[in-house]
A.B. asks: 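Following this message is one structure expressed as structure tokens.
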Amino acid sequence: GSVLKVTTDGFETSPILRGAWISKNIVGTPLSPPPESVPALEPEHGEAKTLKEQIDQHKSNKTCYACHKSIDPYGFSLENFDATGGWRGNYQIKQAHRSTFTYRPQGYFKVGARVDASGEIDGREFQDIHGLKKVLLADERKIAYHFAKTFFEYTNGDKATLAQRLHLWDFLGKDPANRRMRDLITEVLVLALNEAKK
């Protein structure tokens, strides 16, 4: 829930922010910041165009497309979650109302277009967040390796050297059982401890 919240502007979701977060923190593919000349894309759930169509129009710029092709599918998979992490099947379009403190149980919005959480990554299609999980787990070793590197950095206070990264990659490749959280954390702690003894 906290990740879903911080990857919004507080009111509207952003597949771009959410996709960039997954790309950097789960998959391990950091991204360059967008060029200053590119304007920010604000979602317009009330317009005829879908959010995907709006972002596709934004991606028509070749500079934008280079990054968006790899982050947008991750972000779209989370579109069923609203700005506070609640599940939704349709977008909600805010409606004007007279007073800030006027309470109405159903809120001040109308139901908008259906949420499309589908996407494609490396030729593998998915329909929603559950499908994305399957796509990510198809390359389980890569995800485990990124977690191991990040955890090593957290534990050791410094990035892993090339030799340490190779050790972690080999460890994860020897036996798929090594990718369990318990074994992964143990291996990283032992590696960090050995580094501290040097």
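This structure is a prediction, so every number in the text was calculated from the model and none was measured.
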A.B. asks: Return the set of residues passing side chain to side chain donor-acceptor pair (under 3.5 Å) with N156 (not counting sequence neighbours), or none when no residue passes.
C.D. replies: none
A.B. asks: If the condition is side-chain contact (heavy atoms from CB on, under 4.5 Å), which residues does T161 pass it with, not counting sequence neighbours?
C.D. replies: A163, Q164
A.B. asks: Apart from L162 itself, what residues make up its hydrophobic cluster, given side-chain heavy atom links below 4.5 Å?
C.D. replies: L166
A.B. asks: Sequence neighbours excluded, which residues qualify as side-chain contact (heavy atoms from CB on, under 4.5 Å) partners of L4?
C.D. replies: R18, L78, F81
A.B. asks: According to side-chain hydrogen bond (donor to acceptor under 3.5 Å, both in side chains), does anything in residues 21-30 pair up with another residue at least two apart or in another chain? List the pairs.
C.D. replies: none
A.B. asks: Which pairs, with at least one residue in residues 179-193 and sequence neighbours excluded, count as a salt bridge (charged side-chain N to carboxylate O under 4.0 Å, His left out)?
C.D. replies: E140-R179, R180-D183
A.B. asks: To which residues is L193 joined in a hydrophobic cluster, defined by side-chain heavy-atom contacts under 4.5 Å among Ile, Leu, Val, Met, Phe, Trp and Tyr, whether direct or through other members?
C.D. replies: none
A.B. asks: Please name all residues satisfying side-chain contact (heavy atoms from CB on, under 4.5 Å) with D116, sequence neighbours left out, ordered by chain then number.
C.D. replies: K52, S118
A.B. asks: List, by chain and number, the other hydrophobic cluster members for V190, where Ile, Leu, Val, Met, Phe, Trp and Tyr join if side-chain heavy atoms come within less than 4.5 Å, directly or indirectly.
C.D. replies: none
A.B. asks: Can you check side chain to side chain contact (heavy atoms under 4.5 Å, CB included) on I71 and I16, steps first, answer last?
C.D. replies: CA-CA 7 Å; I71 63 174; I16 298 167; 4.0 Å; yes
A.B. asks: Check for me, please, whether Y154 and L191 land in the same ILVMFWY cluster - side-chain distances under 4.5 Å, paths through other members count.
C.D. replies: yes
A.B. asks: Is there any ring pair (Phe, Tyr, Trp, His ring centres under 6.0 Å) pair reaching into residues 173-198, and which pairs are they, with sequence neighbours excluded?
C.D. replies: none
A.B. asks: Enter the distance from L136:CG to I121:CD1 here, rounded to the nearest 0.5 Å.
C.D. replies: 6.0 Å
A.B. asks: Please go through L17's hydrophobic cluster and name the other residues, only I, L, V, M, F, W, Y counting, with side-chain heavy atoms under 4.5 Å joining them.
C.D. replies: none
A.B. asks: Hey, could you give me the NZ/NZ distance between K149 and K159, rounded to the nearest 0.5 Å?
C.D. replies: 8.0 Å
A.B. asks: Just do the side chain to side chain contact (heavy atoms under 4.5 Å, CB included) check on F151 and L184 with the steps written out, would you?
C.D. replies: CA-CA 9 Å; F151 187 63; L184 196 54; over 6 Å; no
A.B. asks: Distance-only criterion, 3.5 Å: show the donor-acceptor pairs between side-chain atoms of residues 124-134 and protein atoms not counting sequence neighbours.
C.D. replies:
unit_1	atom_1	unit_2	atom_2	d
D128	OD1	H130	N	3.1
D128	OD1	G131	N	3.0

